[in-house]
Each structure stands twice: as structure tokens, then as C-alpha cells.
J.: 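Attaching a single structure in C-alpha cells format; questions to follow.
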Protein chains: 2
Amino acid sequence: MPFTYEFPHPAVATDIAVFTLIAGDLSLLLIKRGGPPFEGSWALPGGFLAPDEDLDSCAHRELKEETGVDAELLFHFANFSAPDRDPRQRVVSIAYLALLRFDLITLKAGSDAADARWFPLASLPNLAFDHREIVDVAVRTLRERLGDLAILFALLPQSFTLTAMQDAYDAVAGAPIDKRNFRKVVFDAGLVEDTGELSRGRHRPARLYRRKQPS
Amino acid sequence: MPFTYEFPHPAVATDIAVFTLIAGDLSLLLIKRGGPPFEGSWALPGGFLAPDEDLDSCAHRELKEETGVDAELLFHFANFSAPDRDPRQRVVSIAYLALLRFDLITLKAGSDAADARWFPLASLPNLAFDHREIVDVAVRTLRERLGDLAILFALLPQSFTLTAMQDAYDAVAGAPIDKRNFRKVVFDAGLVEDTGELSRGRHRPARLYRRKQPS
DNA sequence: GCATGTTTGTGTATTGACGACACTATGTAA
DNA sequence: TTACATAGTGTCGTCAATACACAAACATGC
């Protein structure tokens with residue numbers, strides 16, 4: 001690594017693909033841009049790296065500023081660094097993926113955000129910058145990681161029925177999984193424990209489970 | 001993302017963990033630092049992002065400057081961004097992993113590098129900055145990706161014996177695999193094709209194979 | 001040319017993971 | 001009490017992964 005760095009430094013920002021489950025649909029949090037460029041377009045939440053924080057902290061901070069919650073599940077998945085991806089100045093984007101329960105949060109429009117909304121993944125609007133590409137990679141990454149069923153807990157309340165857990169799986173995977181096979185895997189892996197309580201609804205009650213902490 | 005960026009921008013650099021196979025040992029390319037900080041210490045090759053290139057291009061360029069070759073296998077695997085990881089200035093490191101044949105390259109010490117050498121992974125010297133952590137994560141990532149045996153081709157000549165391919169596997173995995181099982185997987189996956197030629201050595205000749213391009 | 005040494009090359013059996021597949025049980029509501 | 005909707009449950013076949021041992025081929029040295 002050379003001593004001297006003859007070039008201007010790029011800005012470094014985190015962009016966060018925040019997913020949640022709304023009425024059975026995997027949905028993405030988007031911010032309406034309040035100024036140029038792409039004024040009025042929708043974009044991923046995110047923001048610039050501050051001097052005293054690392055990238056993970058930056059992503060956590062930005063997400064908290066936007067949603068008010070500390071995400072259970074938030075991790076880096078790719079970088080986006082085309083020189084002209086932002087017309088104003090060079091910005092290297094460090095992309096993060098988050099999962100959280102939408103009902104825990106209250107969306108706050110930031111200083112430059114005109115609006116904030118959840119969009120079902122199947123009906124996203126046009127996105128600013130290269131954010132569509134970022135989202136595509138995020139969805140791919142999310143599905144790859146679904147082999148670890150524990151990520152579903154980030155989308156579920158503390159106690160939940162196995163049907164709810166499977167609905168979450170189906171929504172993330174984008175395709176349904178067999179009920180008996182799903183339950184077998186969940187039980188064999190020791191992911192959940194019975195709370196002893198039952199859900200009550202319009203039909204047969206279901207057992208309520210909670211996450212079993214790995215021992 | 002705010003319009004204005006009130007903070008000084010960090011420098012952005014790629015650091016590259018370059019692995020090769022030397023005499024059966026998985027080995028890592030290190031550069032001896034020619035100036036402070038950590039003068040005389042060994043460090044990963046890498047360098048700062050130029051204005052007209054993205055991060056992948058930066059990694060390719062730096063690797064080529066250092067080794068003279070375009071790596072077959074070069075990919076991003078993690079970011080390192082602790083605010084104080086470089087005592088001179090803030091540097092965000094985008095870490096890449098490369099595999100290549102050491103016999104194809106001639107090491108060139110760069111302007112600020114006093115020396116460049118291959119070190120067997122089992123006997124690395126102390127490293128500058130947080131490069132030891134980067135290397136640890138790189139090795140873990142490399143072993144995770146070994147499920148894809150095709151990465152081994154980056155370490156092998158155009159034609160090779162299956163024993164050589166397995167030796168490469170064993171070196172990367174850090175543990176031996178059963179010979180018959182290894183061959184079964186390689187053949188069943190259709191990774192190689194017979195060249196029709198034989199190696200000649202001190203003992204029974206072995207069939208030479210080449211990589212079969214996925215059709 | 002024969003014996004020795006070293007490496008090549010080959011098949012089967014066990015186990016566990018994954019996926020396909022259908023019916024009964026239990027509650028609510030009309 | 002009947003109809004309806006959802007909860008809950010087991011088996012079988014296939015494939016992937018692993019463990020495991022011996023004969024064949026060539027080089028070398030005597």
C-alpha cells in the first residue's frame with residue numbers, strides 16, 4: 001500500500017435493504033428522495049460513514065435513525081463501486097441486508113426524505129441510482145442464506161405458530177415448502193421449543209412455539 | 001442518503017490475500033513494508049482505489065502490478081473498517097481473495113515494498129495493521145468455498161493428474177480427503193476430461209486430465 | 001530379468017438428508 | 001349438528017456423503 005494517496009477520496013456510504021413480512025408478502029423499505037438527483041424517486045435507506053464508526057456501526061446507526069429499532073439481523077453482503085453510480089460525487093456503497101418485524105417500528109422520514117414506505121417485493125417502483133441492482137443481489141443473498149432457518153426468527157414475534165414460521169419461509173423463499181418436511185427440519189434442528197400455550201383463532205388452535213436458544 | 005457529507009472522506013483501498021500452492025503447502029503472498037508505519041513488517045498486497053475504476057478493477061490492477069498476472073480467481077470476501085486500523089489516516093479496506101499458480105508469476109517489489117515473498121500458511125510472520133485478521137477470515141472463506149471444486153483449477157496447470165488435483169484439495173482444506181471419494185465427486189460432477197496423455201515419473205504413470213468447460 | 005518399491009486406479013455398503021405424498025383431529029361458525 | 005378451515009402427523013424412495021482395501025503398472029537396483 002503506497003504512502004501517498006494522490007487521488008481524492010471517494011465518499012463511503014452504507015445502503016441497507018430492509019426486509020419485512022407484511023400480510024404474507026416479503027416487503028422492502030424504501031425512502032422517497034426529497035431532492036436531486038432522482039428527486040421523487042424511491043431509494044434504499046442508508047447514509048455516509050462517520051469518522052468514529054466502522055461500517056457495521058454505520059449500518060446499525062442508519063437503520064436505527066430510519067426505523068427506531070436495533071435490527072436483530074443485519075449483515076454486509078456486497079459492495080457497489082461503479083465510478084459513476086452517483087452523479088454528484090464518487091460514492092462507494094457498502095450494501096447491508098436487514099430483516100425485522102415491521103410492526104415494531106415507526107418509520108421516520110429523514111431530513112432529506114420526503115416519505116418512507118414498505119413495498120411488496122413483487123411490486124417495487126423504479127429505484128434511484130443502482131439500487132435496483134443492489135436489491136436484486138440482496139434478494140438472491142437472502143434466499144441463499146435461508147438454509148439457516150434461524151434467520152426467520154427476525155421476522156416473527158416471540159411466540160408463533162409453526163404455520164406462521166412456515167409462511168415466513170415461503171415468503172422469503174418465494175415458493176412453498178411441504179408442511180411435514182418443514183416441521184421435521186425445524187424440530188430435528190432443535191430450533192424451537194413449545195411454550196405450552198395455544199393460539200386462538202377462527203379454527204383449530206395451534207401450539208405456540210418460541211425460539212430455542214442454541215445451547 | 002443526505003445531500004451533504006459533512007465528514008472528511010476515508011481512503012478506500014483493496015487488500016488482497018493471494019494464495020498459491022508451493023511444494024504441497026498452501027502459501028500466502030506478503031510484501032515487506034519499506035516505510036513506516038510497521039516498517040519492515042510483512043503485509044498483504046493492495047492499494048488505493050483510483051478515480052476511474054471500481055473495486056474489482058482496483059483489485060485486479062493491484063494484483064497485476066504485484067505479480068504480473070491476471071488472476072483467474074479473484075473475489076471480494078469482507079470489509080475491514082475499524083476507524084483506527086491505519087495510524088496514518090482513515091482507510092477502509094475492501095478485502096479480496098485470489099488463487100493463482102505461483103510458477104506463472106515473477107514477484108515485483110513495488111515502489112514502497114522492500115521485498116515480496118511467499119509464506120506457507122502454517123508459518124506466517126507477524127503482519128502489519130489488522131492483516132492477520134484479514135488473513136484468518138480469508139482462509140475461512142476459502143475453505144467454505146471449497147465445496148466448489150472448480151476453484152482448484154486456479155492452482156493447477158492446464159493438464160494435471162487427479163493426484164495433483166487432490167493434493168491441491170488437501171492443501172486448501174487443511175485435511176486429507178479419501179481418494180476414491182474425491183475421484184467419484186470430480187467425475188460425477190463432470191469437472192475434468194481425459195487428455196489421453198500420461199504423466200511420466202519414477203513410478204506408475206498417471207492419466208492427465210484437463211478442466212472440462214461447463215457446457 | 002527379477003524382486004522391490006512407489007504410485008495409480010478402482011467398487012461397495014452404510015448412513016443420513018431431502019423430498020414427495022394424504023389423511024385425521026380439533027376447533028369455530030352458521 | 002353440520003360444514004368449514006386449519007392443525008398436526010409418518011413412511012418411503014432417492015441421492016449424497018462417507019468409510020474402507022487391494023490389484024495393476026511402471027521405475028529402479030541388484
Side-chain angles (χ1 to χ4, degrees), chain A residues 21 23-24 143-152 156-157 159-212 214, chain B residues 21 23-24 143-152 156-157 159-212 214:
Chain A
L21 208 55
R143 293 191 171 145
E144 281 168 8
R145 298 237 185 164
L146 192 50
D148 177 10
L149 296 181
I151 69 172
L152 296 175
L156 295 168
S159 77
F160 48 84
T161 66
L162 275 195
T163 299
M165 186 169 176
Q166 183 178 345
D167 287 346
Y169 181 96
D170 291 347
V172 173
I177 187 176
D178 177 81
K179 178 157 63 159
R180 281 170 291 189
N181 293 337
F182 180 77
R183 291 158 110 93
K184 183 172 19 177
V185 172
V186 171
F187 290 134
D188 287 357
L191 290 173
V192 298
E193 59 189 3
D194 199 330
T195 62
E197 305 191 340
L198 294 178
S199 72
R200 30 181 216 177
R202 283 181 303 255
H203 301 290
R204 174 174 173 181
R207 303 173 102 83
L208 286 169
Y209 294 88
R210 66 173 146 254
R211 176 176 200 172
K212 183 148 125 203
Chain B
L21 209 54
R143 293 191 171 146
E144 281 168 10
R145 298 239 184 163
L146 192 49
D148 177 11
L149 295 181
I151 68 173
L152 295 174
L156 295 168
S159 76
F160 47 85
T161 66
L162 275 195
T163 300
M165 186 170 176
Q166 181 176 348
D167 287 346
Y169 180 96
D170 292 346
V172 173
I177 190 176
D178 177 81
K179 177 159 60 161
R180 279 170 293 185
N181 293 337
F182 179 77
R183 291 159 110 93
K184 183 173 15 178
V185 171
V186 170
F187 289 134
D188 288 356
L191 289 173
V192 298
E193 60 188 4
D194 199 329
T195 63
E197 305 192 340
L198 295 177
S199 72
R200 33 181 213 175
R202 281 182 302 258
H203 302 290
R204 175 174 173 179
R207 303 174 101 84
L208 286 170
Y209 293 87
R210 65 175 148 252
R211 174 176 201 171
K212 183 148 119 201

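When reading the values below, keep in mind they use all heavy atoms of this one structure, side chains included, and skip hydrogens, waters and symmetry mates. A, B, ... follow the sequence lines: proteins, then strands. Residue 1 opens every chain.
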J.: What's the CG-P distance between Leu162(A) and dT26(C), to the nearest Å?
T.: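 Result: 18 Å.
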J.: Does Val172(B) offer a backbone N or O that forms a donor-acceptor pair with the side chain of Arg143(B) under 3.5 Å?
T.: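 It does hold such a pair.
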J.: Any N or O donor-acceptor pair under 3.5 Å from the base of dG9(C) to the side chain of Lys179(B)?
T.: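 Counting by modelled atom types and ignoring angles, a donor-acceptor contact under 3.5 Å is found here.
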J.: Please give, in whole Å, the distance from dG10(D) C1' to Phe182(A) CZ?
T.: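 One finds 18 Å between C1' of dG10(D) and CZ of Phe182(A), rounded.
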J.: May I ask you to verify if any side-chain N or O of Arg183(A) is less than 4.0 angstrom from the OP1 or OP2 atom of dG8(D)?
T.: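 The answer is yes; a side-chain N or O of Arg183(A) sits under 4.0 Å from OP1 or OP2.
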J.: What's the CZ-C1' distance between Arg207(A) and dT26(C), to the nearest Å?
T.: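 Rounded to the whole Å, the gap is 12 Å.
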J.: Starting from the 5' end of DNA chain C, give me the residue, Ala164(B) or Asp178(B), whose nearest nucleotide shows up first.
T.: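 Of the two residues, Ala164(B) wins.
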J.: Once rounded to the nearest 0.5 Å, what's the spacing between atom OG1 of Thr161(A) and atom CD of Gln166(A)?
T.: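 It is 9.5 Å, given to the nearest 0.5 Å.
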J.: Report the distance from atom CG of Asp167(A) to atom P of dA5(D), rounded to the nearest whole Å.
T.: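 The answer, rounded to whole Å, is 17 Å.
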J.: Side chain of Ser199(A), backbone of Ala206(A): donor and acceptor closer than 3.5 Å?
T.: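 Yes; judged by distance alone, with no hydrogens or angles, the pair exists.
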J.: Choosing from dG8(D), dT18(D), dT9(D), which nucleotide comes nearest the side chain of Lys184(B)?
T.: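 The closest nucleotide is dT18(D).
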J.: Report yes or no: does Asp167(A) contribute a side-chain atom to a donor-acceptor pair with the main-chain N or O of Gly24(A) at less than 3.5 Å?
T.: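 Here the side-chain-to-backbone pair does not exist.
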J.: Out of dT10(C), dA24(D), dC21(C), which has the shortest distance to the side chain of Arg204(B)?
T.: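 Between dT10(C), dA24(D), dC21(C), the one nearest the side chain of Arg204(B) would be dA24(D).
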J.: Gln166(B) CD to dT10(C) C1': how many Å, rounded?
T.: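 One finds 14 Å between C1' of dT10(C) and CD of Gln166(B), rounded.
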J.: Verify the contact: side-chain N or O of Arg202(A) to OP1 or OP2 of dG27(C), cut-off strictly under 4.0 Å; return yes or no.
T.: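 Checking dG27(C) against Arg202(A), no side-chain N or O comes under 4.0 Å of OP1 or OP2.
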J.: Report the distance from atom CZ of Arg200(B) to atom C1' of dA25(D), rounded to the nearest whole Å.
T.: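 Atom-to-atom, Arg200(B) to dA25(D), this comes out as 17 Å.
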J.: Under 4.0 Å, counting only non-hydrogen atoms across every strand here, what does Thr163(B) touch: a base, just sugar-phosphate, or nothing?
T.: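 Sugar-phosphate contact only.
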J.: When the nearest nucleotide of DNA chain D is assigned to Asn181(A) and to His203(A) on a heavy-atom basis, which residue is associated with the more 5' position?
T.: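 Closest to the 5' end, via its nearest nucleotide, is His203(A).
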J.: To the closest 0.5 Å, what do you measure between CG (Leu152(A)) and CZ (Phe160(A))?
T.: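 Taking CG in Leu152(A) and CZ in Phe160(A), the distance rounds to 9.0 Å.
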J.: Would you kindly give the CG-to-P distance between Asp188(B) and dG11(C), to the nearest whole Å?
T.: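 That distance rounds to 12 Å.
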J.: Would you kindly give the CZ-to-P distance between Phe187(A) and dA17(C), to the nearest whole Å?
T.: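 Atom CZ in Phe187(A) sits about 17 Å away from atom P in dA17(C).
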J.: Judged by each residue's nearest nucleotide on DNA chain C, which is more toward the 5′ side, Ile177(A) or Arg180(A)?
T.: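 This one resolves to Ile177(A).
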